[in-house]
Enquirer: 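Below is the structure I would like to discuss, written out as structure tokens.
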Amino acid sequence: MSKGKPEATVDLARVRNIGIAAHVDAGKTTLTERVLFYTGALHKIGEVHEGNTHMDWQDEEQKHGITITAAVTQAPWKDHHLQVVDTPGHVDFTIEVERSMRVLDGAIIVMDGVRGVEPQTETVWRQANKHKVPRFLFVNKMDRPGADFQRALDMVKKRFGDDCVPVTVPVASEQIVLHTIERKAYSFSGTKGEIVTVRDLTESEAAEVAPHRETLLLALAEHDEPIAEYVLNEKEPPEELVWSVLRRLNIAGIVRPTFGGSALRNWGVQPMLDAVIKLHPTPLDRPPAIGKDAKGEPVTVEMTPDGSLVALVFKVQLLEGRRHVFARLYRGSMEPGQDVALAGRKMTERAARIFLPDANQKKRKDIATAGEIILIAGLRWATTGDTLCDPAHEILLERIDARAPVVGLAIEPENSADEEKMLEVVNKVTEEDPTLRFEDDPETGQRILKGMGELHLQITFERIEREFNLKFRVGRPRVVHRETVGKTATAEGGVDRTLDGSAGQFTLRADVKATVSPRERGAGVLVTCKPRWFPPEFNPSEEQLQAVDQGARDALSAGPVEGSSLADVALVVDEVRTFGEGSSPQALRIAAASAVREAVIKAGGVVLQPIMKVEVVVPDENTGGVLGDLQSRGATILGHSTEAGITSIEAECGLSSLLGYTTDLRSQTRGRGQFVMEFDRFDAS
């Protein structure tokens with residue numbers, strides 16, 4: 001479909017594309033609700049504890065009181081357009097954060113003012129670092145006993161090495177914030193904190209804010225000469241200069257502007273929103289995307305409405321029973337009815353309709369341009385990580401990584417007549433969520449659904465029952481293992497067969513020698529296939545070379561103990577002996593696989609199970625019992641700390657020992673204990 005000049009383009013200088021991320025229960029959905037209310041995008045604030053938030057719209061989210069899927073919405077603020085993504089905080093749904101960070105220009109990391117940096121805080125911080133996303137900190141729940149603004153900043157410095165510079169300092173006793181740049185006090189009144197009053201600081205407030213302002217100016221002076229000159233001469237820099245330098249350093253990732261308040265109590269949010277406009281990057285401020293053209297050559301994709309279309313699909317979701325994809329436009333524009341190519345897949349589809357997303361609602365658009373996040377209906381085959389582009393100008397952007405699942409359950413429909421329906425439904429949910437895998441167990445014949453944890457699979461089953469009226473019978477959790485080898489070993493393998501074919505008898509004959517050896521944990525599989533060929537004058541074809549390499553890799557798909565995939569193994573194909581026409585590619589592939597299997601058996605198999613990083617938070621009086629229980633499960637205690645009557649225990653433990661642990665912990669602590677785990681590595685138990 002040919003298109004002329006776009007009828008209208010978005011003013012990218014007035015767009016802020018931000019995500020809100022945090023550890024579970026830090027209050028990010030509560031904060032998002034206030035952002036939408038104060039910007040006028042919502043007329044009523046929903047509360048997580050009441051199960052009526054705008055962004056947590058799925059029944060399962062409201063039932064469990066947690067965010068499960070990243071939700072996108074729009075909000076206006078002071079002549080600017082905010083695109084806001086509310087992400088999950090539970091580690092089982094970390095793919096939602098990963099693919100959101102891939103398309104964000106900035107992020108707000110919410111921290112609990114009492115607990116500070118928590119395990120998932122570290123995860124989202126790493127994800128933001130990976131995609132080089134500038135970020136703010138909002139230290140939330142400052143109304144709670146034990147909340148400490150400065151301690152939260154110090155924890156970020158200690159854990160991540162990042163400099164946090166305080167922009168607003170919360171005063172819990174008065175429910176106000178003191179602004180270190182403007183040197184003003186902000187108070188919040190009205191039924192929902194919607195009335196903001198700004199006044200000069202009192203003497204005592206000026207004294208309280210002075211050390212925080214000094215921290216801010218000293219951090220900026222380290223990276224800006226004009227600010228340094230003011231500081232050295234003990235003069236106050238102009239407010240505009242401070243904002244300008246802080247913006248530049250925030251976009252560069254050198255400092256992290258920090259705000260404080262209490263979203264639930266409705267104070268501290270509006271000054272942070274003002275700073276989103278002043279400090280967060282526009283789409284134009286971000287580095288251009290890097291892709292590859294049809295020839296595999298690197299291409300720079302500038303953020304502009306001009307030029308051929310380039311967009312990244314970062315999520316697939318069923319809305320109102322229909323398949324939709326979320327995409328971020330990096331170049332060009334898109335209209336309903338436009339044909340788009342799926343780069344690298346030799347497929348073209350038609351974008352039937354385009355919408356602006358608003359949680360589970362949507363508004364039709366006549367045209368979308370670079371910088372926008374949109375919802376597209378009508379794409380049957382596009383999936384997470386696909387690049388949408390002009391069919392005449394193919395460009396492939398880097399795909400989105402998804403972690404491998406670690407827990408599997410055997411499933412079958414309650415009604416045997418629903419077998420076909422089950423396959424169709426599971427295919428749909430695995431398209432939406434790349435961390436779900438569905439496969440057949442070749443040994444037992446069972447259908448296995450794998451996910452990131454017990455909660456992940458539980459939520460999936462609940463959703464399938466609600467949306468598709470399909471119930472499963474579920475087997476015991478099956479932990480996904482890997483295998484490695486215990487030592488270095490060399491073995492020979494081959495094939496020598498005479499077979500009957502349509503053209504008469506033919507022979508398969510070849511011999512291969514291969515060596516396997518263990519690698520460090522997490523090093524992965526390294527295959528070196530540059531063998532010596534015999535007889536020496538033999539010159540193998542490209543097809544024969546590929547056959548040896550593929551046969552060697554085939555044998556790595558199953559270890560000698562449980563048949564799990566091999567990991568952390570170095571494989572070298574040493575020699576290949578050929579026998580004329582009998583050494584066809586088929587013969588070479590069989591011989592290579594045989595040699596590697598023999599070498600693996602000779603080296604001895606070692607089973608590796610998922611090792612999880614664990615944090616358990618319990619009341620002080622339960623610490624001893626919980627530590628003892630963890631040690632009985634084979635956990636390695638890495639350390640523990642106590643603050644405000646709460647003990648945080650860090651440990652490592654095999655996943656198989658942690659199945660069902662949430663229920664046991666609640667029983668031990670009368671429901672007061674909390675537990676989170678994150679996959680760290682595969683290792684021997």
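Values below: every heavy atom of this structure, side chains too, minus hydrogens, waters and symmetry copies.
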Enquirer: Does atom CZ (Arg247) have a neighbourhood of more than 12 heavy atoms from anything else shown, all under 6.0 Å?
Expert: yes

Enquirer: Locate the shortest heavy-atom distance separating Arg99 from Val316; write the atom from each residue and the value.
Expert: NH1-N, 4.5 Å

Enquirer: Check the pair Asp163 / Arg256 against salt bridge (Lys or Arg N to Asp or Glu O under 4.0 Å), numbers first and verdict last.
Expert: CA-CA 6 Å; Asp163 287 324; Arg256 310 297 184 192; over 6 Å; no

Enquirer: Going by an N to O cut-off under 4.0 Å, is there a salt bridge joining Arg102 and Glu398?
Expert: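 No, no charged N to carboxylate O under 4.0 Å.
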
Enquirer: Once rounded to the nearest 0.5 Å, what's the spacing between atom NZ of Lys28 and atom CG of Asp86?
Expert: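 Interatomic distance, Lys28 NZ to Asp86 CG, rounded to 0.5 Å: 5.0 Å.
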
Enquirer: More than 12 heavy atoms of other residues, nucleotides or ligands under 6.0 Å from NZ of Lys132: yes or no?
Expert: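 Atom NZ in Lys132 is not crowded, with 12 or fewer foreign heavy atoms closer than 6.0 Å.
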
Enquirer: Taking the side chain as every heavy atom from C-beta outward, state whether Ser187 and Thr197 have any atom pair closer than 4.5 Å.
Expert: yes

Enquirer: Has Arg14 got its NZ or CZ under 6.0 Å from the middle of the six-membered ring of Trp77, at an angle within 45 degrees of the ring axis?
Expert: no

Enquirer: Donor-acceptor check, side chain of Glu208 to backbone of Leu178, threshold 3.5 angstrom: yes or no?
Expert: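 No: the side chain of Glu208 does not pair with the backbone of Leu178.
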
Enquirer: Is it the case that over 12 heavy atoms from other parts of the model lie below 6.0 angstrom from the NZ atom of Lys292?
Expert: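 Counting neighbours around NZ of Lys292, 12 or fewer heavy atoms of other residues, nucleotides or ligands fall under 6.0 Å, so no.
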
Enquirer: Can you tell me if Ser308 and Arg331 form a side-chain donor-acceptor pair at under 3.5 Å?
Expert: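 Yes, Arg331 and Ser308 have a side-chain donor paired with an acceptor closer than 3.5 Å.
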
Enquirer: When you measure from the side chain of Thr642 to the backbone of Thr647, do you find a donor-acceptor pair of N or O atoms at a distance under 3.5 Å?
Expert: no

Enquirer: Distance check, rounded to the nearest 0.5 Å: Thr258 atom OG1 versus Leu216 atom CG?
Expert: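 These two atoms lie 10.0 Å from each other.
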
Enquirer: Any salt bridge between Arg183 and Asp200, counting N to O under 4.0 Å?
Expert: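 Asp200 and Arg183: not salt-bridged.
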
Enquirer: Does Asn266 reach the main-chain N or O of Phe188 with its side chain, forming a donor-acceptor pair under 3.5 Å?
Expert: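 No, because the side chain of Asn266 does not come within donor-acceptor range (under 3.5 Å) of the backbone of Phe188.
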
Enquirer: Go through the steps for Asn233 and Glu229 under the test side-chain hydrogen bond (donor to acceptor under 3.5 Å, both in side chains), then give the verdict.
Expert: CA-CA 6 Å; Asn233 293 323; Glu229 200 168 311; 4.6 Å; no

Enquirer: In plain terms, say whether Asp105 and Arg16 are close enough for a salt bridge, that is, a side-chain N and a carboxylate O under 4.0 Å apart.
Expert: no

Enquirer: Would His23 and Val110 count as a side-chain contact (heavy atoms from CB on, under 4.5 Å) if you check the C-alpha gap in whole Å, the side-chain angles of each, and the deciding distance to 0.1 Å?
Expert: CA-CA 8 Å; His23 182 90; Val110 184; over 6 Å; no

Enquirer: Does atom NE2 of His80 have more than 12 heavy-atom neighbours, drawn from other residues, nucleotides or ligands, at distances under 6.0 Å?
Expert: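 Enclosed: over 12 neighbouring heavy atoms sit under 6.0 Å from NE2 of His80.
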
Enquirer: Kindly give the heavy-atom pair with the smallest separation between Ile18 and Leu104, and that separation in Å.
Expert: C-CD2, 3.6 Å

Enquirer: Work out which heavy atom in Ala152 is nearest to a heavy atom in Val139; give both atom names and the distance.
Expert: CB-CG1, 4.0 Å

Enquirer: Output, in order, the C-alpha distance, side-chain angles, deciding distance and verdict of salt bridge (Lys or Arg N to Asp or Glu O under 4.0 Å) for Lys158 and Glu122.
Expert: CA-CA 12 Å; Lys158 182 179 178 182; Glu122 295 188 14; over 6 Å; no

Enquirer: With a 4.0 Å cut-off, would you call Arg213 and Glu239 a salt bridge?
Expert: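 No, this pair does not count.
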
Enquirer: Do Ser100 side-chain atoms and Glu96 backbone N/O form a donor-acceptor pair below 3.5 Å?
Expert: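 Answer holds: yes.
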
Enquirer: Compute whether any side-chain donor of one residue and acceptor of the other, for Arg265 and Asn140, lie under 3.5 angstrom apart.
Expert: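 The answer is no; no qualifying pair exists.
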
Enquirer: Please answer whether the main-chain N or O of Thr202 pairs with a side-chain N or O of Glu205 as donor and acceptor at a distance below 3.5 Å.
Expert: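 Indeed, once roles are kept as given, a pair shorter than 3.5 Å links the two residues.
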
Enquirer: Taking all atoms of both residues into account, what is the closest heavy-atom pair of Val177 and Pro170, and its distance?
Expert: CG1-CA, 4.0 Å

Enquirer: Evaluate the side-chain proximity of Asp390 to Met334: yes if any heavy-atom separation is below 4.5 Å, no if none is.
Expert: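 A side-chain contact under 4.5 Å is absent here.
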
Enquirer: Would you give the length of the straight line joining atom OG1 of Thr87 to atom CD1 of Ile20, rounded to the nearest 0.5 angstrom?
Expert: 8.5 Å

Enquirer: Where does the angle between the aromatic ring planes of His179 and Tyr186 fall among parallel (under 30°), tilted (30 to 60°) and perpendicular (over 60°)?
Expert: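 Geometry flag for Tyr186 against His179: tilted rings.
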
Enquirer: Examine Lys363 relative to Phe355 and say whether NZ or CZ is less than 6.0 Å from the centre of the six-membered ring and inside a 45° cone about the ring axis.
Expert: no

Enquirer: Verify side-chain hydrogen bond (donor to acceptor under 3.5 Å, both in side chains) between Asp386 and Thr383, making sure each step is shown before the conclusion.
Expert: CA-CA 6 Å; Asp386 277 344; Thr383 190; 5.6 Å; no

Enquirer: After noting the C-alpha distance and the side-chain angles of Gln127 and Glu98, does the key distance pass the side-chain hydrogen bond (donor to acceptor under 3.5 Å, both in side chains) rule?
Expert: CA-CA 6 Å; Gln127 289 170 316; Glu98 179 70 29; 3.3 Å; yes

Enquirer: Let me see the working for Lys157 and Asp162 under salt bridge (Lys or Arg N to Asp or Glu O under 4.0 Å), right down to the final yes or no.
Expert: CA-CA 5 Å; Lys157 177 67 175 176; Asp162 288 40; over 6 Å; no

Enquirer: Can you check whether Val276 reaches Leu82 side chain to side chain, under 4.5 Å on heavy atoms?
Expert: yes

Enquirer: With Ser648, which of Glu118, Arg115, His640, Glu615 fulfils side-chain hydrogen bond (donor to acceptor under 3.5 Å, both in side chains)?
Expert: Glu615

Enquirer: Any donor and acceptor pair, going by atom type alone, linking the side chain of Thr387 with main-chain N or O of Leu397 inside 3.5 Å?
Expert: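 The answer is yes, because a donor-acceptor pair under 3.5 Å joins these two groups.
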
Enquirer: Can you establish whether the number of heavy atoms outside Arg364 located under 6.0 Å from its atom CZ is more than 12?
Expert: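 Atom CZ in Arg364 is not crowded, with 12 or fewer foreign heavy atoms closer than 6.0 Å.
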
Enquirer: Which of these passes ring-ring contact (aromatic ring centres under 6.0 Å, His included) with Phe259: Phe136, Phe138, Trp267?
Expert: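 Option passing the ring-ring contact (aromatic ring centres under 6.0 Å, His included) with Phe259: Phe136.
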
Enquirer: Could you tell me if Arg151 sits above the aromatic ring of Phe149, with its cationic atom closer than 6.0 Å to the ring centre and no more than 45 degrees from the axis?
Expert: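 Relative to the ring axis of Phe149, which defines the angle, Arg151 lies outside at least one limit.
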
Enquirer: Could you go step by step and tell me if Lys315 and His324 meet the side-chain hydrogen bond (donor to acceptor under 3.5 Å, both in side chains) rule?
Expert: CA-CA 9 Å; Lys315 180 171 175 161; His324 293 74; over 6 Å; no

Enquirer: Quick one: CG on Asp224 to CG on Leu241, what's the gap to the nearest 0.5 Å?
Expert: 6.0 Å

Enquirer: What is the minimum heavy-atom distance between Val313 and Ala382, and which atoms define it?
Expert: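 Scanning both residues completely, I find the closest heavy atoms to be CG2-CB, 4.3 Å.
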
Enquirer: What's the shortest heavy-atom distance between Val133 and Met101, and which atoms?
Expert: CG2-O, 3.7 Å

Enquirer: To the nearest 0.5 angstrom, please state how far the CD1 atom of Ile108 sits from the CG atom of Leu137.
Expert: 10.5 Å

Enquirer: Return yes if some donor-acceptor pair links the side-chain N/O of Gln83 with the main-chain N/O of Ile373 below 3.5 Å, else return no.
Expert: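 Checked: pair present.
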
Enquirer: Are any non-hydrogen side-chain atoms of Ile354 and Asp366 less than 4.5 angstrom apart?
Expert: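 No - every pair of side-chain heavy atoms lies 4.5 Å or more apart.
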
Enquirer: Could you walk me through whether Glu650 and Lys613 satisfy the salt bridge (Lys or Arg N to Asp or Glu O under 4.0 Å) test, starting with their C-alpha distance in whole Å, then the side-chain angles of each, then the deciding distance to 0.1 Å, before giving a yes or no?
Expert: CA-CA 7 Å; Glu650 294 181 11; Lys613 278 187 176 178; over 6 Å; no

